[in-house]
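In what follows, chains are A, B, ... by sequence order, proteins preceding strands, each numbered from 1.
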Amino acid sequence: MTDTPDISPIRSAVSKNLGARYRAELRFRAAGLAAVAAAVGILVILLASIISGGLPAFTVNQLELTVELDRELIDPNGDGSEESLRRGGYSRALQDAIRAEFPEVQARRDLRNLFSLYTALNATRLMDDVLENPDLIGSRYDFTMPLADDLDLYLKGLLVEDRTLDTGGVLSLAVEGDEVAISSTETDFRELAAELARVLRARATVLEVQADTLAGLAEGLSGTEAEDLLYDADLNRRRAADIRATLEADAGSLTLDASLPSVIVEVEGRAVALTSLGRNGAAATGRFLIGSEPLAAAADWTLYVIDTPAERRRVSDQLIVWTRALQERGAIRASFNTYLFANADSREPELAGVKGALFGSILTMMITIIISVPIGVFTALYLEEYAPKNRFTALIEVNINNLAAVPSIVFGLLGLAVFINAFGLPRSAPLVGGLVLSLMTLPTVIIATRAALKAVPQSIRQAALAVGASRTQTVFHHVLPLAAPGILTGAIIGLAQAMGETAPLLMIGMVAFIADAPTLGLEGFTEPATVMPVQIFLWSDGAERAWEYRSAAAILVLLALMIGFNALAIYLRRRFERRW
Amino acid sequence: MTDASHNPAELPIKVAARDVTVSYSGKQALHNVSIDIPDRSVTAFIGPSGCGKSTFLRCLNRMNDTIEGAKVGGSLTIDGREINDKSIDPVVLRASVGMVFQKPNPFPKSIYDNVAYGPRIHGLALSRPELDEIVENALRKAGLWDEVSDRLAHPGTSLSGGQQQRLVIARAIAVNPEVILMDEPCSALDPIATARIEELIDELRENYCIIIVTHSMQQAARVSQQTAFFHMGNLVEYGPTEDIFTNPRDSRTQDYITGRFG
């Protein structure tokens, strides 16, 4: 009795491993927190990359030209009929308008370059404007069109690395045949010349190192293989020697070719691309890109360097200079990209928009909702509330659960075989797309609905039955309303999944290039269309860099659509939950 | 058990059972129960857990039909009409045999809608004022009117447990049933709420045939006029409550009420 320990055995046993318990809890909490942080981090990175990729596509640089809609040119038959107007020379009208901006451009090659400031498809847009408003014929029409996609990216700073250097001297230009002699009263070109010399010297060193490596490799070989390597090594050495020779000659000037940065002097409406640079830094030669007149003296001039060499970019110095000049003159204006929303797909990225895909998605989702939600909910209701539990219903259940795990492309194959080949429904149509996606969504809706119905307490059913409600009354008055939020959530998850689905739609031909948006009406269901995810898939495949930004923008539109969809679901859920 | 079917009170017989058997998926839960239950009185079913008293109660409004694999045999009449007959619609039967469950289970709707649900689906009220009257009457009979008359639009689930149980009773009597079945109606309530319900049962006795399943022998003694003791699926003893508690004939009844088992 007297030697009762201070701490009872159970207390000491518990306190012995108490520390381990708390540590385990701490570890678990840390792991959970880390998981959440990782998930949030990935989400943030994803969103940031999509948003930064997509935002540039939401603005567009537009070229505003005053087009002379000459009656003879636009209305060749002279009767103002639609047929005649359709044969008008709209391309000519646009070409004349851009030539008026740069009258000195005469050579065929230069002209072709000039006309690539905009895409030729704009002629059709001009025609549409005229057809819509024939009063324009004979007038001067201020026509707005998107700048060519590469130049648009250039103006957004996404295409090339460039900079403008400080200048201090007074510039003069002297014309000598094709060449322009440029001189400044200060040594404005000196730093640039030194920099280019460094670039060339580094290039020579690389060539020499490569030559040594090749020669080293040749030592271990014999016959033609060794000869080839030695020949290449010799070639590299000679090219390096050439570079060094020009650099060593003090008086010699640096020749600027397509492998070096482009240097452009802009002065008083003229633009000169430098072809060589004097080592003293005060003189250079070049050729006119804009203008042709000599200049006695000008203190206000710009030395513009495009660091990305001409051979490594898609746009020439000429196009860049014209774009800069047009921007200087106020003919280019950045604005919100309405083409992205007002247009359907196009071959040219600057004119491509999501309207067609958006309408296609809406029509497809309408079919999916109309088919999959009622069928899914009623199937689940029957299975859960009415069907006897026997082997046959068990088989159905297992099959429904399996169906949810079937790869979506299989549903596409099924749709192709059944809806298109057997039923003869049109290809590429939202009707077929919606049917295929309904098949895919059905299991999700059924499973979610059954779970929601199971969650309704049995006591509610008993209460209703005990008051004398029939089974159907019990289901529709009590069970279904209570399960509605869960059903809604399941249906939305299924539909959101369907909205982002590409694979099954590829099988039924919704992957085609479709330049017209389907009608938002009954006939739209059978018109060829595509949907948002397929549009993104198609665009991301495009060769031009602008497609990259377009697809990111389309992803943002799809994301916005999804968020809107989910917000609607949450709102509906809340409303139902408040009522009950 | 020879006297199981005799009429203990001088009251007309409401419910008569003859050789009622129930089995769930082949497992027999109730063996040949025969009993006569009088009108306008309270009959209590007592017995240990799993003795079949709730099973028998569920036979009376055919709630066993909703249980998969349940089979009911024998004859059960209410006012002389067979209720196990195929020709009797369980919906019609349940409208005249109300039931109150162990746990209060009001619908997640307003108090008013809870009580009005039965009259609505059975078309008992032709107009809104008529329905209002039915609801008020039912709530008054259930002794809840004074507590909820100013908040009929509030959800029924916002009431306290005892109030919810009275609301459920109001819901049951709103369709004006002949028999009210109560399956351990006070087991989830505190003593004060229990007393309130017991009072209510006593009041309702005037108009209805009430059958109550209870685990509390004190409750059976307090509220019932007749008591039936079930054991292992058999009706062991049935008689006036006073007799059962003071002078049980069967040794099993004796053991149960004195607390030797169960």
More than 12 foreign heavy atoms under 6.0 Å from [atom1] of [X]: is that the case here?
{"X": "A:L43", "atom1": "CG", "value": "yes"}
{"X": "A:F378", "atom1": "CZ", "value": "no"}
{"X": "B:E133", "atom1": "CD", "value": "no"}

Counting the benzene-type ring for Trp, do B:Y117 and A:H478 have ring centres under 6.0 Å apart?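 Yes, they do, as the ring centres are separated by less than 6.0 Å.
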Under 4.5 Å from any heavy atom of chain A - which part of [X]:
{"X": "B:P106", "value": "backbone"}
{"X": "B:F101", "value": "side chain"}
{"X": "B:V97", "value": "backbone"}

What distance do A:H477 atom NE2 and B:K109 atom NZ have between them, rounded to the nearest 0.5 Å?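 It comes to 7.0 Å.
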Check B:I121 against A:A469 and note the closest heavy-atom contact, atom names and distance.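 Closest approach of B:I121 to A:A469: CD1-CA, 3.5 Å.
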Specify the closest pair of heavy atoms between B:P108 and A:L482, including all atoms of both residues, with the distance to one decimal.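 Here B:P108 and A:L482 meet closest at CG-CD2, 3.4 Å.
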Where along residues 442-466 of chain A does a heavy atom come under 4.5 Å of chain B, listed by residue number?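 Answer by number: A:S459, A:I460, A:Q462, A:A463, A:A464, A:L465, A:A466.
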Would B:R94 and A:V467 count as a side chain to side chain contact (heavy atoms under 4.5 Å, CB included) if you check the C-alpha gap in whole Å, the side-chain angles of each, and the deciding distance to 0.1 Å? CA-CA 6 Å; B:R94 286 180 201 137; A:V467 179; over 6 Å; no
Who wins among B:Q102, B:H122, B:M99 for the most heavy-atom pairs under 4.5 Å with chain A?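 Winner by heavy-atom pair count: B:H122.
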